[in-house]
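Here's the structure, in structure tokens; my notes come after.
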Amino acid sequence: MSIRGKAYIAGIYEHPTRLALGKTLPQLHAELAKGALEDAGLTKDDVDAYYCAGDAPGMGGVDMVEYMGLNVRQIDSTETGGSSYVLHVNHAAQAIAAGHCKVALITLAGRPAADAKEKVAFRPGGDPPPAIGFESPYRPTIVNMYAMCAQRHMYEYGTTSEQLAWIKVAASHHAQHNEHALRREVVTVEDVVNSPIIASPLHRYDCCVITDGGGAVVVVAPEIMKNLKRPAVKVLGAGEAPKHLMGGKVDLTYSGARWSGPKAFEEAGVSHADIKYASIYDSFTITVLETIEDLGFCEKGEGGKFVSDGNLISGTGKLPFNTDGGGLCNNHPGNRGGMTKVLEAVRQVRGEAHPKVQVPNCDIALAHGTGGLLGARMGSATCILGNEDA
Amino acid sequence: MSETKPKVKAPKVNHETKAFWEATAEGKLMVGKCNECGEYHYYPRSLCPFCFSDKTELAQTAGKGKIYSFSVTSHPKSPYTIAYITLAEGPTILSNIVESDFDKLAIGQDVEVVFYDTGEGNAVPMFKTV
Ligand SMILES: [Zn+2]
């Protein structure tokens, strides 16, 4: 069953905070839920399905449903790291298309910056992943596990640090217009390549920000959307795919977008030329570069050339991306950027992005999430959204 | 930039990985081998990730390979290098590069295994350039 046109995004909300001192994690989830429902013109009593991921406290969504006083008949806490919320849009649309629910609420919240300030210990839950004994002795970090992808991509395709830097430059051009963005200063290619190396070949400015807050999305059935006042944003298609180390047949030059992308395009019935705006997960610049290739916006290995010279900057480039400033400059709440990717894609289709970065006639947009480690195992999720005529 | 004495963190060992880690105490780097489809795999598993056969065993490698990719991780006191090494037997495995000139590392470079005692009855296999 296709989800095309069977579900709409009716409400969104992004928490304005970037440092949530004095707020608890469930509180942030609830504030986000309230914000997205108010945006949609719905109340919590309308919600009949709830979606969350590993950032939610307690046992999946059960504890959050209790905290928020929701009475739902569908619940899904699929955890694919930062890509979870793009995937949840897909699952919510599938559940709505199958008639299981009509108003699905998705929330993400986090407070890593406040946790660090308040010295709250990280509390890992459950059994460790099976690969842990073969990886943890080598001190993998988020950065060096992405850095190895960049190193290999440079080796195979001649990609340069300057080309990667263009991705951050484009994000910074957008972030200057976002009053909530953590980093609003416009940076140059030189600024990026002269920033300190964190894990070679990635510099500090190749890395996303660490912020608190989060976001929420309300996905609804067509008959609900009909009675709401907000611009309709239709779910056109979606795809998801995990990618891993394949028993030792390691290839770090591509992501799971290679599989989630084609599925989303096929279901949506659109081509790359139809995509007016793309939210591309930007934990690091290399994440964007590989994803753009894997989604098919250019040939494999041509990503460096594609992102250069401002090609991702709204108003000048061919593929305006992350017009909110992305994870690289604006917000990467709870170290999970998939939610904010959906939010800015919705703003673009609604025509409600900042006027300086709004893409004219943005009838079709794409949002892509990457969770986990590009250099090991990840969850990839793509969704394509459009206006009522798309 | 180089590092001669890495800090070695003992691995988490379970029923499935005990034999692999016991072999490291004897200076042996093992990989998984499937007697059904003949493929090597890593990390070693009870069920082959390629054909799902349970006829898997550990096979000793020659401990030689090439750098598939690497990253020198900045650290004020002791920078270290994480790397994927493609073993001569086929599988690409996560490790560290040690006892090498970090400024001269390159993808494709030959490396060989070197073991670092954890003090807990096993040793962590790492690699140095040759
Ligand atoms: Zn097999």
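Chain naming here is simple, since letters A, B, ... match the order of the sequence lines and numbering starts at 1 in each.
Counting heavy-atom pairs under 4.5 Å between each of A/M145, A/Q151, A/M246, A/E135 and chain B puts A/Q151 at the top. Taking chain A as the reference chain and counting heavy-atom pairs below 4.5 Å, the highest number among B/G32, B/P44, B/A10, B/S71 is found for B/S71. By number of non-hydrogen pairs under 4.5 angstrom with chain A, the leading residue of B/S95, B/P91, B/G108, B/P11 is B/S95.
Of the atoms belonging to B/E39, it is side-chain heavy atoms, and not backbone ones, that fall under 4.5 Å from chain A. Neither the backbone nor the side chain of A/A150 comes within contact range of chain B; no heavy atoms are under 4.5 Å apart. For a residue to count as touching a neighbouring chain, one of its non-hydrogen atoms must lie under 4.5 Å from one of that chain's; by this rule A/L245 touches chain B with the side chain only. Residue contact with chain B, scored on non-hydrogen atoms closer than 4.5 Å, involves the backbone and the side chain of A/P130 alike. Both the backbone and the side chain of B/I107 come within contact range of chain A, judged by heavy atoms closer than 4.5 Å. With a threshold of 4.5 angstrom between heavy atoms, B/P49 approaches chain A through side-chain atoms but not through N, CA, C or O. For B/F20, the part lying near chain A is the side chain, with the backbone staying farther off; criterion is any non-hydrogen pair under 4.5 Å.
Within 6.0 Å of atom CD in B/E16, more than 12 heavy atoms from other residues, nucleotides or ligands are found, so the atom counts as buried in its surroundings. The environment of CD1 in A/I210 is sparse: at most 12 heavy-atom neighbours from other residues, nucleotides or ligands sit within 6.0 Å. For NZ of A/K305, the number of neighbouring non-hydrogen atoms (other residues, nucleotides, ligands) closer than 6.0 Å is 12 at most. Within a 6.0 Å radius of CZ in A/R183, other residues, nucleotides and ligands contribute 12 heavy atoms or fewer.
A heavy-atom distance below 4.5 Å is not found between the side chains of B/S74 and A/I198. Using a 4.5 Å cut-off on side-chain heavy atoms (C-beta onward), B/K9 and A/Y138 make no contact.
Contact record, A/P137 with B/N96: O-OD1, 3.9 Å, taken as the closest heavy-atom pair.
Both tests hold for A/K249 against B/F50: distance to the six-membered ring centre under 6.0 Å, angle to the ring axis within 45°.
Under the 30°/60° scheme for interplanar angles, the aromatic rings of B/Y43 and A/F134 are found to lie parallel.
Remark: B/I67 CD1 to A/Y155 OH distance equals 10.5 Å, nearest 0.5 Å. Note that the CZ atom of A/R139 and the OG1 atom of B/T81 stand 9.5 Å from one another [nearest 0.5 Å]. One finds the OG atom of A/S200 at 11.0 Å from the CD1 atom of B/I82 (value rounded to the nearest 0.5 Å).
With B/Y84 contributing its side chain and A/V250 its backbone, the two residues share no donor-acceptor pair below 3.5 Å. Using modelled atom types, one side-chain atom of A/R152 and one backbone atom of B/Y68 make a donor-acceptor pair closer than 3.5 Å.
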